[in-house]
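First the structure, in the form of structure tokens, and then the observations on it.
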Amino acid sequence: MQTDFLVIGSGIAGLTYALKTARAFPDKKITIITKTQADETNTKYAQGGIAGVWDEEKDSYNKHIEDTLIAGDDLCNQAIVEIVVREGPERIKEIIGYGAKFDKDEKGDYSLGKEGGHSENRILHHKDVTGKEMERALLEELETIKNIELINHWFVIDIITQHHLGYLVTKSTLDITCYGVYVLNLHTQQIEKILAKIILLATGGCGQAYRTTTNPVIATGDGVAMVYRAKGKIENMEFIQFHPTALYEPGVSPSFLITEAVRGDGGILRNKNGESFMEKYDDRKDLAPRDIVARAIDNEMKRTGTEHVYLDCRHMNKEKFIHHFPNIYEKCLGMGIDVMQQMIPVAPAAHYSCGGIKTDEWGRTSIKQLYACGECASTGLHGANRLASNSLLEAMVFGHRCFINSGQLIDELSFEDRIPNWNAKGTNEPGEMILITQSQKELRQIMSDYVGIVRTDVRLERAMKRLDLLFSETEALYKSTKLSPQLCELRNLITVGYLIVKGAEFRKESRGLHYNTDHPKKSELLQNIIL
Ligand code: FAD
Ligand code: SIN
């Protein structure tokens, strides 16, 4: 199969790019591939909304820039922050143009919410299901366009480079180039080769590396692992963001999110004794940036010997609560919790990967013809900790920037037709699925117990030793077994786990989301860790 533009991922990043590219190049072929169905993405589960300077009387670009830089704990790339904040509102207007609906107040103005780390109300939202609405609008817009093919249930295994032509490719090879991907067609179980001139990775996050996560099952860090295997650059993977308030429901995965917007509207965190505690940790109390709130909760849980704290909404206006958070209200009611009468049990859960595939201001990776945007990319926007609701914004801004830059290249490029077909010789049907599922469990256990909110050198060392063993067992399985999505995802998650631990070991200070009790914060160690 050949296509001019190949997009891997159908979340907000991939769809934004594909729509723009298809409109600008009606004679070119754009193919979007997704490993399950099109709308099963992290995007669909976004609750709080999308940040953007909307009300310029009260808010300003400078304030949004400042808030992003403060949350990022001095590790953001300021030029990138300026780009995203200044270009963001234009991108939001475009998705409104596609039909996305954001809530309005009685006067007909957009009702702007607030979340941790924001100095102003600037979050556009659709109830507490913003991502679902945005994904709907993008997918419906896609249906109006003829030159896009959307293929579901195709699992991309690896990107194709010179390595597949028999050349030695190492980290120091100049001009590594991407020619396409190998993909497991889940309808036929065959491995196909797709050649493309431009390839965009928009494969999302990696929350599934942890036992407790808000991320759906697709979030296995596939794009990051593929680029690492292809010797491309990955950075800042140690900055895994834990959302402070996932609903505490033991044994349920993924965890249901209680959006930070609930705290923005007045919700208060309390410990098991009913005491509010955030004032002990930060002047911004319940609306401090996420790294601070998640660590405070972790500390309160350890101090009081509990597995969760509470979010108290009992003092909030019932009508307003139900209007803004109907999904959360219903979910809690379904569990027997009337949020107007009882507090909601919450605990932190792995939520967002701030690092990822290193990209420049046009979304270019270190591999030629390969772009990345959305959660799988590390643009420099988030630094050591993402400001709430900046992710959807970043995905749209960089979806656009990748489109501009790759569009300028397309006519100079041709297909590389010497690429061999996938060779599955010598592999057998998997004997025992339990080998894979058990290893996945072990991986999540290792990452949650040793590489969570609070880290130490000893814990990281242990994690690395255990990951090494999982790695060698899984590589042996990979070489001898017919591929399945489960095996590929396990392999990718182990790689991502390794990158998180390696990044954490290299960073000899605590900063933002990376908190190591053996290494306090140091002012002179402001750098990105590139692997
Ligand atoms: P995704 O939307 O995750 O899409 C990834 C796509 O890649 C999927 O189509 C998947 O099938 C495909 N894919 C992955 N691997 C492969 C493969 N190997 N082969 C083929 N296809 C593949 N951010 C905000 O800004 N505001 C919010 O309010 C907010 N709330 C959130 C709430 C929750 C519960 C979660 C989980 C996240 C939230 N976030 C929020 C973060 C935000 O939703 C994500 O960062 C963003 O949606 C990521 O978009 P994306 O397009 O990069 O990836
Ligand atoms: C939330 O709604 O709390 C999630 C927002 C985000 O992750 O940006």
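Worth saying up front: this structure is predicted, and the values here are computed from it rather than measured. Every number for a ligand or one of its atoms is a count from 1 in the order of the listing.
- For atom 26 (N) of ligand 1, the nearest non-hydrogen atom from the set Gly49, Ser391, Ala46, Ala38 comes from Gly49.
- Ranking the protein heavy atoms by distance from atom 1 (C) of ligand 2 puts Thr259 OG1, 3.3 Å first.
- Among all protein heavy atoms, the one lying closest to atom 34 (C) of ligand 1 is Tyr45 O, 3.4 Å.
- Not a single heavy atom of Gly205 sits less than 4.0 Å from an atom of ligand 1.
- Within the 4.0 Å heavy-atom shell around ligand 1 one finds Arg386.
- Taking the six-membered ring for Trp and thresholds of 30 and 60 degrees, Phe5 and Tyr17 have ring planes more than 60 degrees apart, a perpendicular arrangement.
- Not one N or O of Ile50 is nearer than 3.5 Å to an N or O of ligand 1, by distance alone.
- Below 3.5 Å of separation, one finds an N or O of Leu392 facing an N or O of ligand 1.
- In terms of polar-atom proximity, Glu115 is not counted as a contact of ligand 1, lacking any N or O under 3.5 Å from an N or O of the ligand.
- With a 4.0 Å heavy-atom cut-off, ligand 2 is reached by no atom of Leu392.
- Judged by distance alone, the side chains of His514 and Asp291 never bring a donor and an acceptor atom under 3.5 Å apart.
- At least one heavy atom of Ser389 sits less than 4.0 Å from an atom of ligand 2.
- For Ala395, the closest heavy-atom approach to ligand 1 does not fall below 4.0 Å.
- Checked by atom type and distance alone, the side chain of Glu260 pairs as donor or acceptor with a backbone atom of Gly116 at under 3.5 Å.
- Residue contacts with ligand 1 leave out His243, since none of its heavy atoms falls under 4.0 Å from the ligand.
- In this structure, Asn215 is part of the shell of residues with a heavy atom less than 4.0 angstrom from ligand 1.
- Considering backbone and side-chain N/O of Glu115, none are found under 3.5 Å from N/O of ligand 2.
- With Thr43, Asp222, Leu387, Val217 as candidates, the residue nearest to atom 18 (N) of ligand 1 on a non-hydrogen basis is Asp222.
- At the top of the distance list for atom 51 (O) of ligand 1, counting protein heavy atoms only, stands Ala13 N, 3.0 Å.
- In summary, the atoms of ligand 2 found under 4.0 Å from a heavy atom of Ala388, numbered by their order in the structure, are 8 (O).
- When Leu393, Asn42, Thr36 are checked for heavy-atom proximity to atom 43 (O) of ligand 1, Asn42 turns out nearest.
- A donor-acceptor pair is defined here as one N or O able to donate and one able to accept, closer than 3.5 Å; such a pair exists between the side chain of Arg401 and the backbone of Glu361.
- Between Gly48 and ligand 1, at least one N/O pair is under 3.5 Å apart.
- Of the options Arg290, Arg386, His243, the smallest heavy-atom separation from atom 5 (C) of ligand 2 is shown by Arg290.
- Considering each of His351, Glu394, Gln47, the one bringing a non-hydrogen atom nearest atom 33 (C) of ligand 1 is His351.
- Using a non-hydrogen distance threshold of 4.0 Å, Gln241 does not register as a contact of ligand 2.
- Residue Thr214 has no nitrogen or oxygen atom sitting less than 3.5 Å from a nitrogen or oxygen atom of ligand 1, judged on distance alone.
- Proximity of Leu257 to ligand 2 is established by a heavy-atom distance of less than 4.0 Å.
- Using a 30° and 60° split on the angle between ring planes, Tyr210 and Phe242 fall in the perpendicular class, above 60°.
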